[in-house]
Amino acid sequence: FAWVDAALASAGQRRGADPTWSRIRPWGLVLAVPLAGSGTVWFKATPDGSAEPILHQTLDAECPEHVAPVLAADLERGWLLLADAGASLGDDSEAEGVEPCSEPRFRAAMTSYAVLQEEVRHRVDELVGQGLPDARPQALPGVFDRLLETLGRRARDTGDDDATALLARISTSRPLVVDLAASCADRPGSVDHNDLHPWNVAVSEGQAVFLDWGDAMAAHPYASLLVPVRIGMTESRATGEALIAAYARGRDEFVDPAEVVTVARLATIGRAWTWERSLALSTGPSEHDDAPLKWFSRILDPDPFAADRD
């Protein structure tokens, strides 16, 4: 813990006890570090090649009110030391027994998130050059092809005939992917959190704070709606639509509902890619092994916000 201790000392703080594990996953390790007196900071170790540390630093520079403050970073080792942002809205909602996506603070966070995207948009090309995965519309046909190859190889290696058959169906949608991507490629890309839900949002001093940027990528800005609106639709259609409306209030252009659906449908490819890259870091079986193909197959569904259909 020498690096953590040195970082705390430079900020005039010190550890109050040994850190405890908060999360242990192949794609990221998180330690809760208690401070002397009171309070907690968070140490995160990201996998080799992760753009999360440089992305979080960039967000901290461009929109510091909306991310956990960076206390220290080691970009070579992929380490971050972050200030505490408080309990997530998801945890708060569970404690209060309310639906998390219906919570007014989460709707307000969706508006703030749209503003954040505009504030960081001018840094996206730079971030892609520093390793942020590129899932902007013009890149998605290539991502589609890579997923077909990697998931197809896995299906063949494991003798999974059902997966092979499903991938054959998915492969026929490539012309559709090319057309959909071309239809929305003119809008400038931004950062897509890629896992935006109430458990990744806190509120600190009245401002929405967005947590855990490990899945983030460059994408069409509306791609960020895929995850929260899908969750919101499980509460009610009105809730899902309210989240889209809240997001639109933070944009400086008319948000066309048809474009939202098109982009969200394409965003299922990006979500599949995120899972594929994450699971590639695992050394054994995982409960999430079916996630890449499940998300990839959603390109076949014209309604990307619909619940899974068996």
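Heads up: numbering here begins at 1 and tracks the sequence. Computed from heavy atoms alone, side chains included, the values below leave out hydrogens, waters and symmetry copies.
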Determine whether Arg15 and Val41 make a side-chain contact, defined as any pair of heavy atoms from C-beta on separated by less than 4.5 Å. no
Taking Gly78's backbone N and O only, do any of them form a donor-acceptor pair with Thr46's side chain (distance below 3.5 Å, no angle check)? yes
Exam field: side chain His193 to backbone Asp212, donor-acceptor pair closer than 3.5 Å: yes
Examine distances only and state if a side-chain atom of Thr111 and a backbone atom of Ala246 form a donor-acceptor pair shorter than 3.5 Å. yes
Looking at Arg107 and Ala242, would you say the former's side chain and the latter's main chain have a donor-acceptor pair under 3.5 Å? no
Using side chain to side chain contact (heavy atoms under 4.5 Å, CB included), reason through Thr239 and Glu99 one step at a time and then give a plain yes or no. CA-CA 10 Å; Thr239 296; Glu99 298 280 16; over 6 Å; no
Please check if the side chain of Glu62 supplies one atom and the backbone of Val120 the other of a donor-acceptor pair under 3.5 Å. no
I want to check something: taking the side chain as every heavy atom from C-beta on, are Val115 and His66 in contact at a cut-off of under 4.5 Å? no
Once rounded to the nearest 0.5 Å, what's the spacing between atom OG of Ser224 and atom CG of Asp192? 3.5 Å
May I ask you to say whether Asp5 pairs ionically with Arg14, meaning some side-chain N is under 4.0 Å from a carboxylate O? no
Check the surroundings of atom CG in Asp48: do more than 12 heavy atoms from other residues, nucleotides or ligands lie under 6.0 Å from it? no
Any donor-acceptor pair under 3.5 Å linking the side chain of Ser50 with the backbone of Pro47? no
Does this structure show an ion pair linking Arg156 with Asp161, if we count only N-O contacts that are shorter than 4.0 Å? no
Is the number of heavy atoms from other residues, nucleotides or ligands within 6.0 Å of CD (Glu205) greater than 12? no
Could you check whether any side-chain N or O of Asp60 sits under 3.5 Å from a backbone N or O of Val70, counting only pairs where one atom can act as donor and the other as acceptor? yes
Could you tell me which residues satisfy side-chain contact (heavy atoms from CB on, under 4.5 Å) with Thr274, sequence neighbours excluded, listed by chain and number? Asn194, Asp215, Met217, Arg271, Arg277, Ser278
Can you list everything that forms a side-chain contact (heavy atoms from CB on, under 4.5 Å) with Val203? Sequence neighbours excluded, please. Leu89, Arg105
Side chain proximity check, Asp84 to Trp42, heavy atoms < 4.5 angstrom: yes
With Phe305, which of Val229, Ile231, Leu243, Thr234 fulfils side-chain contact (heavy atoms from CB on, under 4.5 Å)? Val229
Please check if the side chain of Glu235 supplies one atom and the backbone of Ser102 the other of a donor-acceptor pair under 3.5 Å. yes
Any chance CZ of Arg146 has more than 12 other-residue heavy atoms, nucleotides or ligands included, within less than 6.0 Å? yes
To the nearest 0.5 Å, what is the distance between OH on Tyr222 and CD1 on Ile244? 11.0 Å
Arg77, CZ atom: more than 12 neighbouring heavy atoms under 6.0 Å: yes
All side-chain contact (heavy atoms from CB on, under 4.5 Å) counterparts of Ser93, not counting sequence neighbours: Val98, Pro100, Glu103
Count the heavy atoms belonging to other residues, nucleotides or ligands that lie under 6.0 Å from CZ of Arg187, then report whether that count exceeds 12. yes
For side chain to side chain contact (heavy atoms under 4.5 Å, CB included), just list the numbers for Glu96 and Asp91, CA-CA rounded to whole Å, side-chain angles, deciding distance to a tenth of an Å, and then say yes or no. CA-CA 9 Å; Glu96 296 165 7; Asp91 288 341; over 6 Å; no
Measure the spacing between CZ of Arg298 and CG of Leu266 and express it to the nearest 0.5 Å. 15.0 Å
Hydrophobic clustering (ILVMFWY, side-chain heavy atoms < 4.5 Å, transitive) - are Leu116 and Val255 grouped together? yes
Please enumerate all residues that pass side-chain contact (heavy atoms from CB on, under 4.5 Å) together with Ala11, with sequence neighbours excluded. Gln13
Quick one: which residue pairs count as a side-chain hydrogen bond (donor to acceptor under 3.5 Å, both in side chains) with a foot in residues 174-183, not counting sequence neighbours? Asp145-Arg174
Candidate pair Val30 and Trp21, rule side chain to side chain contact (heavy atoms under 4.5 Å, CB included), full reasoning: CA-CA 6 Å; Val30 180; Trp21 290 109; over 6 Å; no
Those residues that, when tested against Trp79, pass ring pair (Phe, Tyr, Trp, His ring centres under 6.0 Å) (two or more places apart): Trp3, Phe43
Under the criterion side chain to side chain contact (heavy atoms under 4.5 Å, CB included), I'd like the reasoning laid out for Trp199 against Glu94: C-alpha separation, chi angles, the key distance, then a yes or no. CA-CA 10 Å; Trp199 288 266; Glu94 287 182 334; 3.5 Å; yes
If you count every heavy atom of other residues, nucleotides or ligands that lies below 6.0 Å from Glu76 atom CD, does the total exceed 12? no
